[in-house]
**Student:** 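This is the structure, below, for whatever I ask next.
Predicted, not measured: the structure shown is a model, and the values here were computed from it.
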Amino acid sequence: MEEPAEVRIGRGQRLTEAVREDLELYGVAELEERIETLQGEIARCQAQIEKKKATRQAADALFGSPPD
């Protein structure tokens, strides 16, 4: 008998699910922890954006910027 295939979770699916959660079920401390976690994720995303922009600028400086 075959084992069922693992369900693949799409990119960003967990974030979408988290946004749809009912916040009424959380206490104040849990909400504050959630905010702290989300702020950390925002900072992580911003750092990745800056890294990608720097990489792009370096490539543009080396090879020339693409036409608009």
**Student:** Could you grab the distance from atom CD of Gln57 to atom CG of Leu62, nearest 0.5 Å is fine?
**Tutor:** 13.5 Å
**Student:** Within the 4.5 Å heavy-atom criterion, are Glu17 and Gln13 side-chain neighbours or not?
**Tutor:** yes
**Student:** With a 4.5 Å heavy-atom cut-off, do Tyr26 and Glu21 have their side chains touching?
**Tutor:** yes
**Student:** If I take atom CD from residue Glu32 and atom CD1 from residue Ile35, how far apart are they, to the nearest 0.5 angstrom?
**Tutor:** 7.0 Å
**Student:** Should side-chain heavy atoms under 4.5 Å link Ile, Leu, Val, Met, Phe, Trp and Tyr, which residues sit in the same cluster as Leu15?
**Tutor:** Val19
**Student:** Determine whether Leu25 and Glu30 make a side-chain contact, defined as any pair of heavy atoms from C-beta on separated by less than 4.5 Å.
**Tutor:** no
**Student:** What donor-acceptor contacts under 3.5 angstrom involve side-chain atoms of residues 44-53, with partners at least two apart or in another chain?
**Tutor:**
residue, atom, partner, partner atom, Å
Arg44, NE, Glu41, OE1, 2.9
Arg44, NH2, Glu41, OE1, 3.4
Arg44, NH2, Glu41, OE2, 3.0

**Student:** How many angstroms lie between atom OG1 of Thr16 and atom CD1 of Ile9, to the nearest 0.5 angstrom?
**Tutor:** 11.5 Å
